Protein chains: 2
Amino acid sequence: MAVKPSSERSKQPRRKKAPLQSKHELRSDAPLSLDRIVATAVELLDAEGIEGLTMRRLAARLEAGAMSLYWHVGNKEEVFDLALDQVLEYRRPLQNSAPEDWRKELVHMLEDWRASMLRHPWSASLLPRRALGPNILGRLELLSETLSRAGVADEDLNVAIWSLWNFVIGATITRANFDRSDEDRAAAQQRLTHLAESYPTIGRSRLLLDSDWDGTFRKGLDVLLDGLSTR
Amino acid sequence: MAVKPSSERSKQPRRKKAPLQSKHELRSDAPLSLDRIVATAVELLDAEGIEGLTMRRLAARLEAGAMSLYWHVGNKEEVFDLALDQVLEYRRPLQNSAPEDWRKELVHMLEDWRASMLRHPWSASLLPRRALGPNILGRLELLSETLSRAGVADEDLNVAIWSLWNFVIGATITRANFDRSDEDRAAAQQRLTHLAESYPTIGRSRLLLDSDWDGTFRKGLDVLLDGLSTR
DNA sequence: ATTCGCATCGTACAGTGTACGAGTCAATTG
DNA sequence: CAATTGACTCGTACACTGTACGATGCGAAT
């Protein structure tokens, strides 16, 4: 009886090491592993977006049969979970910074977070429905730790963490969303001028048109951090 | 040649008014309109979640053929757009409040926003991919207007709006997400204690376990508003 | 030589969104 | 009154999806 690994980590197949072809079947190059599957899924998502990822297409890119994937992965949802978490890996910069640099560290991590997700716009729309992978948890842990080290009292910690997390998530999702829907700037522009009558303040502030997303993110973050550190 | 309305608003069918049955076909009750479709879609989403909504099931609930829906609606995506916006309608409380109550008004609208989305948890996961419907824009407009009336300078307006928006979106998505994934508390609990080794600070703060979501939301909002008003 | 467990994959099935075109029926026109 | 139009409904069909099931191959252990 065969038992699938599926979600037990730490399990690499030990196959033939050197012998690259058996008989005459020079099966391109592929041993087909979880890592390869996830990496290819990210590629495919980058290239074709969320609807572009189907098990058959993914398998084709791996030069494998569609059902072969199911040995390594429980179902399609799991592929999404893994792809999302993979994209959110974070290596903290080397620890030579002074302990009062906590704010710089935080901003660095949070801006990197946002940047990572914007580099893979599908990740933003995926986030709401996915489980917390190790990389996401790692970022949360780093966040808690840094805030705690910065002197935030334990009873205020959760508010601080969630406020920052919420802000990053919201900003990223919004931004990623606007990027795509403005593929057709022309249509958007026209829609906006038509809307200016019903929504005058939005129209005046040009909120939807030429927001400086990066600057807005940075400033909003400052507002939050100011508020948190004076508490 | 027939021309579909599909996305031209202001178009109600004028049919037989009083005569409820023609001949002997007492066709239950259904004239099948955009409004009825959207309302039923929301019902279905509430009952079965995002994957539960299929065109065939929706049609069945309306006692109509599946393809009949496509006269009123361009495609399934549009159904999602409309359902989402429908759920986000907001009636501002009567305008008897003093002008310095802007902060109370803001908090009311934002908490109502979050509450509306949590009442229909699918809406949170839908938000990232959807267009801005009139109700969403209405809320944005109200937000701008109130902040502007509160004396926020025009050049700070966008930062303020987006910060609040981001916060609400992020908080709601996170919350809705956790609700679902904790259907099986037992599993979550066990996972958490196992994780406590790798993520000590998260474990200590019990961040994922017993957060007071409503309180955290309210406090985070205060932090933001404090930060914004002292600028 | 036989067994066993890992790994791959072909076939099949139920279900999806929707294109197409035929159908119904009230209102309008000649 | 007959004919035409146009709003609306819906049955059938097609390409495509995720994945259950079982057959197959293969290296290592017995």
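This is a predicted model, so every value here is computed, not measured. Here is how names work: the chains are called A, B, and so on, in the same order as the sequence lines, proteins then strands, and each is numbered from 1.
The distance from atom CG of Leu32(B) to atom P of dC8(D) is 10 Å, rounded to the nearest whole Å. Regarding Ile37(A), its CD1 atom lies at a distance of 11 Å from the C1' atom of dA7(C), rounded to whole Å. dT18(C) atom P lies 11 Å from atom CG of Leu69(B), rounded to whole Å. Distance Lys76(B) NZ to dG15(C) P: 15 Å, rounded to the nearest Å. We find that CZ of Arg36(A) is positioned 14 Å from C1' of dA7(C), with the value rounded to whole Å. Rounded to whole Å, atom P of dT17(D) lies 16 Å from atom CD1 of Ile50(A). In this structure, the OH atom of Tyr70(A) is 15 Å from the P atom of dT8(C), given to the nearest Å. Arg57(A) has its CZ atom 18 Å from the C1' atom of dT19(D), to the nearest Å.
When distances are taken from the side chain of Asn75(B) to each of dT16(C), dT18(C), dT17(D), the shortest belongs to dT18(C). Checking dT17(D), dC8(D), dC10(D) against every side-chain atom of Trp71(B), the shortest atom distance belongs to dC8(D).
Summary of the strand contacts: Ala66(A) and Met55(B) both lie near DNA chain C, and taking for each the nucleotide with the nearest heavy atom, the more 5' one is attributed to Ala66(A). DNA chain D is contacted by both Met67(B) and Glu51(A); Met67(B) maps to the nucleotide lying nearer its 5′ end (nearest heavy atom per residue).
Side-chain contact between Trp113(A) and Thr172(A) is absent, with no heavy-atom pair separated by less than 4.5 Å. Counting heavy atoms from C-beta outward, Leu45(A) and Phe80(A) have side chains that approach closer than 4.5 Å.
Remark: Ser68(B) is not in phosphate contact with dC8(D), judged by side-chain N or O atoms under 4.0 Å from OP1 or OP2. For the OP1/OP2 pair of dT8(C) and a distance below 4.0 Å, the side-chain nitrogens and oxygens of His72(A) include at least one atom meeting the criterion.
Taking 4.0 Å as the cut-off between side-chain N and carboxylate O, Asp214(A) and Arg114(A) count as a salt-bridged pair.
Between the side chains of Thr201(B) and Glu145(A), no donor N or O sits under 3.5 Å from an acceptor N or O.
Within 3.5 Å, a donor on the side chain of Arg56(A) pairs with an acceptor on the base of dG18(D), or the reverse.
We find the CZ-CH2 distance between Arg139(B) and Trp165(B) to be 10.5 Å, quoted to the nearest 0.5 Å.
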